[in-house]
Participant: 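Have a look at this one before I ask anything.
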Protein chains: 2
Amino acid sequence: MDTLETRELRYFVTVAEELHFSRAAERLGIAQPPLSRAIQQLERRLGVTLLERDRRGVALTDAGRVLLDEARVLLDSVAAVARRTQRAASAPNRLTLATKAGANHDLLRKLLDAHAAEPDAAEIEVVLCGMGDQARMLRDGRADVAFMQRPFDALVGFDTEELLTEQQVAILPAEHPLAARTSLTLADIADVPGLPVARWPNQDGTYEPGPGPEINDLSQLAQLIALGHTSAVLCASSRSWLWSAHVAVPLTDAPHVTTVLAWPAHSRSQAVARLVKTAVNL
Amino acid sequence: MDTLETRELRYFVTVAEELHFSRAAERLGIAQPPLSRAIQQLERRLGVTLLERDRRGVALTDAGRVLLDEARVLLDSVAAVARRTQRAASAPNRLTLATKAGANHDLLRKLLDAHAAEPDAAEIEVVLCGMGDQARMLRDGRADVAFMQRPFDALVGFDTEELLTEQQVAILPAEHPLAARTSLTLADIADVPGLPVARWPNQDGTYEPGPGPEINDLSQLAQLIALGHTSAVLCASSRSWLWSAHVAVPLTDAPHVTTVLAWPAHSRSQAVARLVKTAVNL
DNA sequence: GCTCGGTGATACCGCCCAGGTATCACCGCT
DNA sequence: AGCGGTGATACCTGGGCGGTATCACCGAGC
């Protein structure tokens with residue numbers, strides 16, 4: 001058995017996602033017959049049935065589900081390899097750091113200052129991204145390192161270095177009665193009439209059902225809190241961007257949040273290693 | 001830029017390893033001109049110079065070094081994906097667990113017993129491997145889970161669950177004077193005349209220079225210790241395979257060793273998840 | 001029941017590109 | 001100058017990828 005080609009994997013992933021050869025072929029920009037043949041060849045090569053075709057549709061076998069999961073991250077990795085190689089050539093001494101917009105501003109500032117002070121430090125480009133996008137950016141090579149937060153972000157597959165552990169705080173409208181308290185518990189802010197907790201999207205962009213407003217980024221959140229429409233639970237360093245209409249109250253029973261510096265496993269980049277070293281010594 | 005094909009990456013890795021087109025072509029079983037062309041095409045596609053060809057040889061550029069590192073693990077991943085898919089099809093409910101021969105025998109026994117007691121538990125095949133082979137076996141898909149040890153094994157790129165933290169002990173010949181002590185320090189056993197500490201191979205199979213014998217596995221080590229020729233530092237659970245000619249003495253200042261259950265990051269295997277759950281509840 | 005629409009599989013064809021052979025250009029050594 | 005050895009180039013061939021046309025099959029309809 002010689003090795004799989006990425007073209008075959010791309011074809012398979014598309015078919016497995018659509019569960020429909022013709023639609024998959026259209027998405028891939030090829031005709032349906034070559035696609036059927038490519039999948040057959042892939043199955044023959046692996047010696048494994050990946051798709052169960054019966055009347056009325058296509059279904060994944062167990063092995064097919066395994067391959068779908070694995071092939072997706074593999075294709076991400078292929079794209080990542082290409083991008084990292086290109087970046088290594090075009091900007092030999094530059095790193096891209098991804099972080100959630102608004103999070104850990106002070107820490108980031110300290111890290112950048114400390115790193116800039118190092119001799120022949122890499123130039124660092126900061127990319128602000130939405131919730132949970134850092135993992136994707138690391139995986140597909142658009143970023144070299146990222147700020148991520150335990151236990152919120154999935155750190156699996158990355159190498160990490162802990163930077164800072166902090167309490168969480170409730171961000172409340174300044175005029176709300178609860179804002180006068182010096183500390184709160186999660187129970188205190190759950191189900192407060194007229195102040196539902198805001199809901200963040202899941203990985204796939206959907207929202208859990210609930211009373212609170214659906215939000216995408218911190219600016220939306222900030223405004224909704226300032227308007228007195230919602231509250232939120234965030235890590236203590238969020239204080240650095242609070243409005244005067246906001247109040248942050250410590251939560252005694254919320255899990256602590258650890259901010260980590262994360263980078264792709266197996267990275268051998270000198271520049272990443274130097275940045276991590278700087279971060280450790282902060 | 002469309003995506004890289006694994007064929008191109010295999011070609012590039014071979015050339016980068018040989019730094020010689022003709023030899024690389026021979027290893028790949030193709031002729032030299034198509035190989036030159038393939039590499040040129042890869043460079044054109046990436047828009048990056050990967051190899052510096054001048055008279056008397058080929059050298060990697062910085063970008064080429066990046067691609068070599070990345071492509072190697074990527075090709076491993078491709079092979080892993082194929083193998084895991086095949087295993088998912090041929091043995092739907094079987095897991096392969098890799099562990100260092102001789103290490104953590106009792107813990108393994110407990111895990112296997114507990115797991116066998118679960119309803120519809122996966123069948124578990126235990127593969128014993130040499131030092132540090134577990135990482136490779138997880139990466140290339142020959143194993144689904146592995147016992148690994150911090151801080152010795154590189155856990156980067158894997159998801160892990162801590163199982164057991166234990167002290168390290170010095171394993172000494174029973175007749176040696178130091179064997180009578182109730183505890184030792186690392187300094188005590190370093191540079192003992194006539195009893196040099198055994199040397200394990202590095203990842204690449206080479207050995208650090210030093211006075212002690214070069215060893216590959218625990219049976220070699222056991223015999224050499226029993227003969228009074230060497231000593232070793234191992235985790236406390238190694239006591240389960242000691243000979244009567246061995247004595248284990250606790251080391252007060254050696255770092256503790258944590259045995260973890262490790263599996264490939266992003267694994268979504270139900271069977272792995274169930275085994276991990278069992279392990280956590282041990 | 002018949003057609004009709006829609007599925008994936010098959011048959012067949014054309015063309016591109018991977019791979020092979022022969023050769024070149026260039027160099028360091030005798 | 002000649003030789004051996006490098007990678008690059010030129011050119012040809014063939015297999016495989018992708019295209020069109022069509023089939024086999026099935027469910028849903030007046």
Side-chain angles (χ1 to χ4, degrees), chain A residues 1-61 63-65 67-68 71 75 78 82, chain B residues 1-61 63-65 67-68 71 75 78 82:
Chain A
M1 174 211 70
D2 51 347
T3 123
L4 308 179
E5 288 302 321
T6 64
R7 183 182 54 85
E8 305 176 299
L9 292 177
R10 264 183 297 130
Y11 286 6
F12 171 75
V13 168
T14 308
V15 173
E17 284 174 354
E18 295 284 346
L19 291 178
H20 194 288
F21 277 75
S22 305
R23 275 199 302 273
E26 190 183 357
R27 252 181 63 190
L28 289 165
I30 66 172
Q32 169 259 318
L35 180 56
S36 287
R37 238 189 2 205
I39 301 294
Q40 286 169 25
Q41 174 177 334
L42 177 61
E43 290 180 312
R44 219 176 28 247
R45 172 176 300 191
L46 284 170
V48 165
T49 305
L50 299 170
L51 296 166
E52 213 62 72
R53 300 90 152 158
D54 64 346
R55 46 220 135 272
R56 172 131 85 272
V58 178
L60 280 168
T61 63
R65 250 181 301 276
L67 183 59
L68 175 58
L75 291 177
V78 172
Chain B
M1 172 213 70
D2 52 347
T3 127
L4 307 180
E5 288 302 319
T6 64
R7 183 182 51 87
E8 304 176 299
L9 293 177
R10 263 182 299 132
Y11 286 6
F12 172 73
V13 168
T14 309
V15 173
E17 283 174 354
E18 295 285 347
L19 291 178
H20 194 289
F21 277 75
S22 305
R23 276 199 302 271
E26 190 183 357
R27 252 180 64 188
L28 289 165
I30 65 174
Q32 169 258 318
L35 180 57
S36 287
R37 236 190 2 202
I39 301 293
Q40 286 170 23
Q41 175 177 333
L42 177 61
E43 290 181 312
R44 216 173 33 245
R45 172 175 300 190
L46 285 170
V48 166
T49 305
L50 299 170
L51 296 166
E52 213 62 70
R53 301 91 153 155
D54 64 348
R55 41 224 131 272
R56 173 130 85 270
V58 176
L60 281 168
T61 63
R65 249 181 301 276
L67 183 58
L68 175 59
L75 292 176
V78 171

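Within every chain, numbering begins at 1; the chains are lettered A, B, ... in the order of the sequence lines, protein sequences first and strands thereafter. Computed from a predicted structure; not experimentally measured.
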Participant: Verify the neighbour count for atom CD of B:E18: are there more than 12 heavy atoms of other residues, nucleotides or ligands below 6.0 Å?
Facilitator: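 Counting other residues, nucleotides and ligands, CD of B:E18 exceeds 12 neighbours.
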
Participant: Rounded off to whole Å, could you give me the CZ-to-C1' distance for the B:R44 and D:dA8 pair?
Facilitator: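 Taking CZ of B:R44 and C1' of D:dA8, I get 13 Å after rounding.
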
Participant: Send over the distance from A:L42 CG to D:dG16 P, rounded to a whole Å.
Facilitator: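 So the CG-P distance, A:L42 to D:dG16, works out to 16 Å.
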
Participant: Under 4.0 Å between any heavy atoms, over every strand shown, what does A:Q41 touch: base, sugar-phosphate, or nothing? Just pick one.
Facilitator: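 A:Q41: backbone/sugar contact only, no base atoms under 4.0 Å.
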
Participant: To the nearest Å, how far apart are B:R10 CZ and C:dA18 C1'?
Facilitator: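 Result: 13 Å.
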
Participant: Of the options C:dG8, D:dT20, D:dC17, whose atoms approach the side-chain atoms of A:R7 most closely?
Facilitator: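 The answer is D:dC17, which lies nearest to the side chain.
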
Participant: Rounded to whole Å, please give me the gap between OH in B:Y11 and C1' in C:dA18.
Facilitator: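 After rounding, the reported distance stands at 8 Å.
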
Participant: In whole Å, I'd like the distance from the CD atom of B:E18 to the P atom of D:dT6.
Facilitator: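 About 12 Å, once rounded to whole Å.
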
Participant: Testing B:L68, B:L67, B:V15 one by one against B:L60 for a side-chain contact (heavy atoms from CB on, under 4.5 Å), which residue passes?
Facilitator: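 With B:L60 as partner, side-chain contact (heavy atoms from CB on, under 4.5 Å) holds for just one option, B:L68.
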
Participant: Find the distance A:R53:CZ to D:dC26:P and express it as a whole number of Å.
Facilitator: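 Going from A:R53 (CZ) to D:dC26 (P), I get 16 Å.
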
Participant: Does the pair B:R10 and A:E5 meet the rule for a salt bridge (Lys or Arg N to Asp or Glu O under 4.0 Å), with working shown?
Facilitator: CA-CA 11 Å; B:R10 263 182 299 132; A:E5 288 302 321; 3.3 Å; yes

Participant: Can you tell me how far P of C:dT21 sits from CG of B:L35, to the nearest Å?
Facilitator: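 That distance rounds to 15 Å.
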
Participant: Within the sub-3.5 Å range, which N or O atoms of nucleotides 9-14 of chain D have a protein N or O partner, and how far apart are they?
Facilitator:
residue	atom	partner	partner atom	Å
D:dT9	OP2	B:Q40	NE2	3.4

Participant: Rounded to the nearest angstrom, tell me the gap between atom CZ in A:R23 and atom P in C:dG8.
Facilitator: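 So the CZ-P distance, A:R23 to C:dG8, works out to 8 Å.
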
